[in-house]
S.K.: 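Below you'll find the structure I mean.
The structure presented is a predicted model; accordingly, all values stated were derived computationally and were not measured. Lettering follows sequence order; numbering is per chain, from 1. Note that these values count all heavy atoms, side chains included, but never hydrogens, waters or copies made by symmetry.
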Protein chains: 2
Amino acid sequence: MADVAREAGVSVATAGRALGNYGRVRDDLREQVQAAAERLGYSPNAVARSMRSGGTRSIGFVGADISNPYFATAMRGICDVAREQGYEPILANSDDRLEVERAAVSVLLDKQVEGIVVAPTSVTDVAHLERAMELGVPIVLLDRHIGALAADSVVIDNEAAAYEAVAHLLGLGHRRVGLLACVDPAEGPELAARTGTGRLTVRGAARPSIDRIRGYLAAVDDHRATSSAELIQYTPLSDAAQAQRRAEALLTQPQPPTAVFATDNVTTQGLFMAARRRGLAIPADVSLVGFDDLDWTTLVDPPLTVVAQSPLDMGRAAAVRLFERIKGDDRPAERIVLPTELVVRSSTAEHSHGVREHSG
Amino acid sequence: MADVAREAGVSVATAGRALGNYGRVRDDLREQVQAAAERLGYSPNAVARSMRSGGTRSIGFVGADISNPYFATAMRGICDVAREQGYEPILANSDDRLEVERAAVSVLLDKQVEGIVVAPTSVTDVAHLERAMELGVPIVLLDRHIGALAADSVVIDNEAAAYEAVAHLLGLGHRRVGLLACVDPAEGPELAARTGTGRLTVRGAARPSIDRIRGYLAAVDDHRATSSAELIQYTPLSDAAQAQRRAEALLTQPQPPTAVFATDNVTTQGLFMAARRRGLAIPADVSLVGFDDLDWTTLVDPPLTVVAQSPLDMGRAAAVRLFERIKGDDRPAERIVLPTELVVRSSTAEHSHGVREHSG
DNA sequence: TTGTAGGCGTTATCAG
DNA sequence: CTGATAACGCCTACAA
């Protein structure tokens with residue numbers, strides 16, 4: 001910039017004002033400076049600017065895995081909003097591992113990002129997020145709410161969404177509804193018999209998959225349908241092959257469920273593959289409800305009934321709220337709940353009370 | 001850091017040496033400083049560090065759309081390599097628009113990224129990329145090679161991959177093979193009759209979709225199969241609905257193709273939907289070969305024969321090469337060609353020479 | 001081994 | 001309205 005100032009015959013201060021669009025500069029001088037800058041191919045150094053002003057015009061996004069369609073689409077929403085605001089997002093994958101998330105947040109903080117959207121791995125271990133907020137870097141939680149943290153969150157009503165899905169199956173006359181849930185073994189959800197009724201309840205933190213189990217159990221309970229641990233299978237990781245094996249176990253037990261609800265897109269895929277591999281007709285032999293309205297669910301035969309959410313809108317909403325915070329909004333933290341929709345297609349049908357046989 | 005130095009009773013220089021792991025510090029002083037830093041919750045300011053050292057430990061990635069599985073997966077590969085190197089990626093979507101790409105590159109340059117991976121929108125308009133290289137910021141091209149630019153690129157052999165796919169169909173006895181190609185209208189590919197033979201050739205820059213058309217035409221030519229403009233449909237944008245309409249046009253003409261090749265994952269989806277909507281049996285009525293081995297291609301009925309590439313490996317390779325450049329490697333620019341594989345599944349079968357009828 | 005001082009490229013403050 | 005100058009936080013000569 002010193003060169004530009006010299007070339008234009010003004011001081012660096014004036015050059016700075018002309019190029020940085022601050023302070024007052026006479027019009028002819030401004031043009032002179034801009035011309036000089038053009039000639040010399042000057043472009044501003046954002047690092048120096050950040051150093052001086054404190055603002056980096058960067059935000060961070062920490063998610064489990066950007067190659068997962070949910071996060072990729074959410075990231076798209078975040079990018080769009082960031083760009084409107086003149087900000088750039090820095091991306092970090094946590095692989096759903098707490099220590100990786102911690103390290104990522106720490107690096108982002110060192111890089112002086114002005115805010116962070118994070119899909120948190122843990123719902124209890126939040127010291128790193130608290131530290132960010134103490135440092136004045138706002139945090140917006142995506143996909144998971146953390147009660148213990150005074151941060152905004154953008155979520156869906158997991159329990160209600162699951163309830164609606166399962167109630168749909170029960171409304172079709174199904175009495176034995178299976179559940180294929182994707183839960184981290186570290187979460188350690190425990191099924192426990194509810195005193196008196198013999199029905200089940202679940203213990204564990206407020207996390208999407210566990211809330212979805214809660215919704216399932218509540219629906220089963222309300223409709224006085226069969227409540228049994230044998231109707232529930234967990235699959236530990238985002239691993240479709242593993243999910244498929246669990247689904248097959250579910251479908252091939254002596255008294256198999258006549259309908260199954262899967263709690264996320266990976267288990268949905270595993271469930272669908274398992275049913276097909278076992279030669280079960282959908283929905284004649286089993287009804288299926290999946291989670292997440294991915295393209296492929298309309299491409300398969302039959303098209304799947306699913307619970308739809310909008311990761312694009314969730315990413316957008318998270319970013320919008322983040323920028324409100326960056327601009328100084330200090331209202332109490334809010335839990336922003338976006339809608340879900342049960343999209344009924346052809347994988348669910350009335351329970352036929354006739355005899356059903358398959359190779360299981 | 002001044003606070004830490006004071007707290008530890010040393011000079012800022014010593015504190016800096018102790019915390020930044022450079023220079024020599026007596027062990028007891030180092031520990032003293034670290035303890036003080038811990039107590040005060042000090043963490044280094046990466047912006048100031050970058051200002052001083054010139055290195056930001058950031059790289060940029062510019063792709064058309066992160067919510068597209070190809071880019072999301074490539075980004076994952078880039079992230080992984082970056083993290084190993086202690087770098088963070090800054091993400092920008094170009095929406096396949098040149099001016100947006102230009103602006104993104106410019107911002108990344110201002111932010112002093114040390115290198116950029118870009119899936120370029122244009123194969124001819126490269127001034128912004130040249131400028132980056134002149135400024136000493138290495139560029140690695142992903143998915144598209146630009147002959148006029150002395151930058152590394154990570155690509156697949158699009159022409160050979162398409163050739164193999166179409167040859168597979170021709171080897172099954174098909175004579176009328178259709179093509180559904182996703183090309184930007186701005187690219188203006190033109191079909192022209194080759195002098196003498198009456199067969200077709202294509203004009204246009206070296207871009208994935210156009211190279212895939214070249215592969216198609218070469219295969220058709222080599223096998224003396226039917227070469228006709230009526231067997232080729234273009235679909236301008238990454239829009240599955242539009243692709244489906246074009247595919248239907250292709251399938252419902254008076255003398256429809258008995259097999260069709262789609263040049264990318266969106267057209268593959270459109271093609272599959274079109275065939276199903278027209279009630280065509282696959283592969284009895286039409287054989288289908290798609291591009292990109294996405295999960296859903298094995299979930300549908302029948303599982304699709306596709307040309308598989310690995311965006312994860314491509315992203316990784318691009319990042320690896322970028323870091324070699326960042327570390328000073330100045331060998332001539334190289335075109336890194338990753339393998340593709342024709343995955344034969346059940347959507348392709350021998351051409352039945354019997355009569356074929358459908359509602360078209 | 002430790003301390004002092006200067007500068008990286010901006011922007012903000014102040015005096016002219 | 002313009003110019004000189006100081007600071008942002010860190011790193012690196014150089015001197016002690």
S.K.: With a non-hydrogen cut-off below 4.0 angstrom, is T14(B) in contact with a base, only sugar-phosphate, or nothing?
M.R.: sugar-phosphate
S.K.: In terms of side-chain geometry, is the basic nitrogen of R321(A) or E334(A) positioned less than 4.0 Å from the acidic oxygen of its partner?
M.R.: yes
S.K.: If the cut-off is 4.0 Å, is Y42(B) near the phosphate of dC10(D), judged by side-chain N/O to OP1 or OP2?
M.R.: yes
S.K.: What is the distance from CE of M1(A) to P of dA4(D), rounded to the nearest Å?
M.R.: 13 Å
S.K.: Whole Å only: how far is the CG atom of N21(B) from the P atom of dT12(D)?
M.R.: 13 Å
S.K.: Within this structure, what is the CD-to-P distance between Q112(B) and dC10(D), rounded to whole angstrom?
M.R.: 19 Å
S.K.: So what does V47(B) touch, heavy atoms closer than 4.0 Å: a base, only the sugar-phosphate, or nothing?
M.R.: nothing
S.K.: Rounded to the nearest 0.5 Å, what separation is found between the CD atom of E31(A) and the CZ atom of R26(A)?
M.R.: 11.5 Å
S.K.: Find the distance E31(B):CD to dT1(C):C1' and express it as a whole number of Å.
M.R.: 16 Å
S.K.: Can you tell me the distance, in whole Å, between the NZ atom of K111(A) and the P atom of dC10(D)?
M.R.: 16 Å
S.K.: Nearest of dC10(D), dT2(D), dT5(D) to any side-chain atom of A13(A)?
M.R.: dT5(D)
S.K.: Between F71(A) and F61(A), what is the ring plane arrangement, given parallel below 30°, perpendicular above 60°, and tilted in between?
M.R.: tilted
S.K.: Is there a side-chain hydrogen bond (donor to acceptor under 3.5 Å, both in side chains) between S310(B) and D313(B)? Walk through the geometry before answering.
M.R.: CA-CA 5 Å; S310(B) 171; D313(B) 289 335; 3.1 Å; yes
S.K.: Would one find a side-chain N or O of Y22(B) under 4.0 angstrom from OP1 or OP2 of dT12(D)?
M.R.: no
S.K.: Nearest to the R17(B) side chain among dT11(C), dT2(C), dG9(D), which nucleotide is it?
M.R.: dT2(C)
S.K.: Contact class for M51(B) vs. all strands (heavy atom < 4.0 Å): base, sugar-phosphate, or nothing?
M.R.: base
S.K.: Looking across every strand, which nucleic acid part, if any, lies under 4.0 Å from V10(A) by heavy atom: base, sugar-phosphate, or nothing?
M.R.: sugar-phosphate
S.K.: Of the candidate nucleotides dT5(D), dC10(D), dA12(C), which contains the atom at the shortest distance from the side chain of R52(A)?
M.R.: dA12(C)
S.K.: Using whole Å, report how far CG of D28(A) lies from C1' of dC1(D).
M.R.: 11 Å
S.K.: Take atom CZ of R49(A) and atom P of dG9(D), then tell me their distance rounded to the nearest Å.
M.R.: 19 Å
S.K.: So which heavy atom on L141(A) is nearest to which on A151(A), and how close?
M.R.: CD2-CB, 4.2 Å
S.K.: Look at the side chain of R24(A) and decide which nucleotide, out of dT5(D), dC1(D), dC11(D), has an atom nearest to it.
M.R.: dC1(D)
S.K.: Write down the distance between CZ (R57(A)) and P (dT11(C)), rounded to a whole number of angstrom.
M.R.: 12 Å
S.K.: Among the nucleotides dG3(C), dT11(C), dT2(D), which one has an atom lying closest to any side-chain atom of R26(A)?
M.R.: dT2(D)
